[in-house]
Amino acid sequence: MASCSVEDVLAKAERDEAEKLKGITVSKELDLEFDPGNLLAFDKNRIDTREFKDSKREDFLRSLARDNTQLLINEIWKLPTERVEEVIVAKLPDPTTLLPREKPAPKPKPPTKWEQFAKLKGIQKKKKTNLVWDEVHKEWKRRWGYKRAKDDTKEWLIEVPVNADPNEDQFAKRNKAKKERVARNEYNRLKNIARAQKIKVPGMGLAPTPQQSKAELAQAVNIAKISTASVGKFQDNLPKEKTPKNTGKKRKFQPLIGDFSSEKQKQLDLLKVMDSKKPRLDITKAVNKQMREEDMESRKKNKKDFGKKGQRGKMSGKGKGKAGGKGKGPKGKGRKPQMKQGKR
């Protein structure tokens with residue numbers, strides 16, 4: 001009985017192993033062509049149209065896709081593998097099939113200024129652990145970020161340096177220095193991006209240029225003048241300096257809430273003008289308008305008279321401008337000869 005039971009167990013184990021192998025073993029008339037780099041498999045076997053029509057199409061296509069996928073996985077397992085963080089990873093070779101792309105392949109990023117310096121000096125990047133030991137709290141904490149170790153911003157007491165002002169706020173000074181470091185790092189990051197894309201990096205405020213225009217110089221002078229505590233009120237003008245534009249007096253509007261009696265009087269005056277039948281006439285404005293119109297009419301008249309005189313003065317003929325020359329009119333009616341003053 002014991003021997004029979006052992007044989008049965010062995011036979012059952014063999015059957016189970018055969019079923020497992022049957023699940024991963026697929027037989028094809030023609031071997032598939034594989035491209036593991038792109039995870040592709042090309043099946044050139046002929047499709048049995050009779051079986052495709054008799055059986056359900058979805059079941060047939062599902063079984064065909066399953067067999068080909070199993071063959072592709074079997075091919076991947078033949079590649080060299082390694083364990084990365086308790087996961088088995090296969091090293092895929094370079095792809096052999098050229099696949100079309102919608103967009104061109106991204107270009108490699110150019111090295112930053114620090115990467116170029118590190119390569120020149122042979123500095124190698126060392127990976128740091130995320131946790132460090134905090135001597136104050138006697139526990140492991142993060143190296144960066146929230147609840148990090150040696151966080152000086154959480155200190156409730158700061159020692160005042162010897163050379164520092166005793167009335168100076170050290171906490172505000174530390175926060176200001178941190179904001180400046182963050183802004184400087186962000187500015188350097190943007191400069192690296194601009195340098196990699198070959199873009200001119202603008203300066204802070206007014207960017208210096210080799211040849212500044214007159215308007216740019218005037219703008220720079222105006223900005224420097226109004227940068228004082230008095231906003232340029234007590235700054236003297238430079239010789240031959242023109243007043244900048246758009247710096248005149250601003251319009252002053254009446255307050256929304258104020259003396260109601262004056263506002264009432266203004267409204268009554270406005271209603272009185274609107275209700276009166278006689279139009280309100282501004283004598284000064286009317287006189288000035290009349291004088292402008294008369295000046296314009298006189299100018300137009302002078303222009304017309306000047307054009308007519310110029311046409312009359314023109315003379316045609318071969319003897320134009322010469323003394324005693326032949327003209328079209330009768331003799332004696334032409335231009336009189338001019339005599340030189342001097343000895344007779």
Side-chain angles (χ1 to χ4, degrees), residues 1-131 143-144 189 192-193 195-198:
M1 294 293 291
S3 61
C4 293
S5 62
V6 171
E7 291 176 358
D8 293 340
V9 171
L10 293 175
K12 185 179 179 180
E14 289 178 0
R15 287 196 300 271
D16 294 342
E17 188 69 21
E19 288 179 1
K20 291 181 181 179
L21 292 175
K22 186 178 179 181
I24 63 174
T25 304
V26 180
S27 60
K28 293 278 187 177
E29 295 180 1
L30 298 176
D31 294 335
L32 272 66
E33 296 180 2
F34 298 101
D35 184 7
N38 288 322
L39 298 178
L40 290 178
F42 302 95
D43 188 2
K44 295 183 179 181
N45 291 284
R46 183 177 59 85
I47 297 176
D48 191 356
T49 56
R50 186 177 298 176
E51 183 180 359
F52 179 72
K53 291 179 181 179
D54 294 342
S55 61
K56 294 183 179 180
R57 294 186 179 182
E58 294 183 0
D59 296 340
F60 178 78
L61 294 175
R62 188 180 293 108
S63 63
L64 181 63
R66 184 264 167 200
D67 294 342
N68 291 339
T69 305
Q70 184 63 55
L71 291 173
L72 179 61
I73 293 173
N74 295 342
E75 189 69 20
I76 292 173
W77 276 109
K78 296 178 183 179
L79 300 174
T81 58
E82 62 180 356
R83 185 176 293 275
V84 178
E85 296 181 359
E86 299 182 359
V87 178
I88 299 176
V89 180
K91 290 185 177 181
L92 299 179
D94 295 334
T96 57
T97 306
L98 297 177
L99 298 178
R101 291 177 59 94
E102 181 185 1
K103 297 179 181 179
K107 297 179 180 179
K109 294 183 180 180
T112 60
K113 197 171 183 180
W114 164 251
E115 291 176 353
Q116 294 176 359
F117 177 76
K119 185 178 180 181
L120 181 63
K121 297 296 183 180
I123 301 173
Q124 295 182 356
K125 188 176 180 180
K126 295 180 180 179
K127 188 176 181 180
K128 296 181 180 180
T129 58
N130 192 22
L131 297 176
R143 187 185 295 273
W144 305 281
R189 186 182 70 85
N192 290 333
I193 295 173
R195 190 184 297 109
Q197 296 181 357
K198 296 181 180 180

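Given the structure is predicted, the values throughout are model-derived calculations rather than measurements.
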Begin with the C-alpha distance, continue with both residues' side-chain angles, and end with the deciding distance and a verdict on side chain to side chain contact (heavy atoms under 4.5 Å, CB included) for T112 and F117. CA-CA 9 Å; T112 60; F117 177 76; over 6 Å; no
Which pair of heavy atoms, one from I88 and one from W77, lies closest together, and at what distance? CG2-CZ3, 4.4 Å
Value for CG (L71) from CD1 (I76), rounded to nearest 0.5 Å, stands at 11.5 Å
Any side-chain heavy atom of D43 sitting closer than 4.5 Å to one from K28? yes
Here the pair of heavy atoms bringing L131 nearest to R143 is O-NH2, 4.4 Å
Rounded to the nearest 0.5 Å, the CD atom of Q70 sits from the CD1 atom of I73 at a distance of 5.5 Å
Would you indicate whether L98, at its atom CG, is surrounded by more than 12 heavy atoms from other residues, nucleotides or ligands within a distance under 6.0 Å? no
Between L30 and K44 the two heavy atoms that sit nearest each other are CD1-O, 3.9 Å
Give a yes or no on whether the backbone of T97 and the side-chain of N38 come within a donor-acceptor separation of less than 3.5 Å. yes
Can you confirm whether more than 12 heavy atoms, excluding those of I47, are under 6.0 Å from its CD1 atom? no
D35 side-chain N/O to P95 backbone N/O, donor-acceptor pair under 3.5 Å: no
Distance from L72 atom CG to F42 atom CZ, nearest 0.5 Å? 10.5 Å
Heavy-atom pair with the smallest gap, counting every atom of P106 and R101: CD-NH2, 3.8 Å
Taking all atoms of both residues into account, what is the closest heavy-atom pair of P36 and L92, and its distance? O-CD2, 3.7 Å
Counting only heavy atoms not in E29 (residues, nucleotides, ligands), do more than 12 fall under 6.0 Å from its CD? no
Could you walk me through whether N74 and F34 pass the side chain to side chain contact (heavy atoms under 4.5 Å, CB included) check? CA-CA 11 Å; N74 295 342; F34 298 101; over 6 Å; no
Does any non-hydrogen side-chain atom of L32 lie less than 4.5 Å from one of N45? yes
Salt bridge (Lys or Arg N to Asp or Glu O under 4.0 Å) filter on E115, not counting sequence neighbours, yields none
R195 and N192 side chains, donor-acceptor separation under 3.5 Å: yes
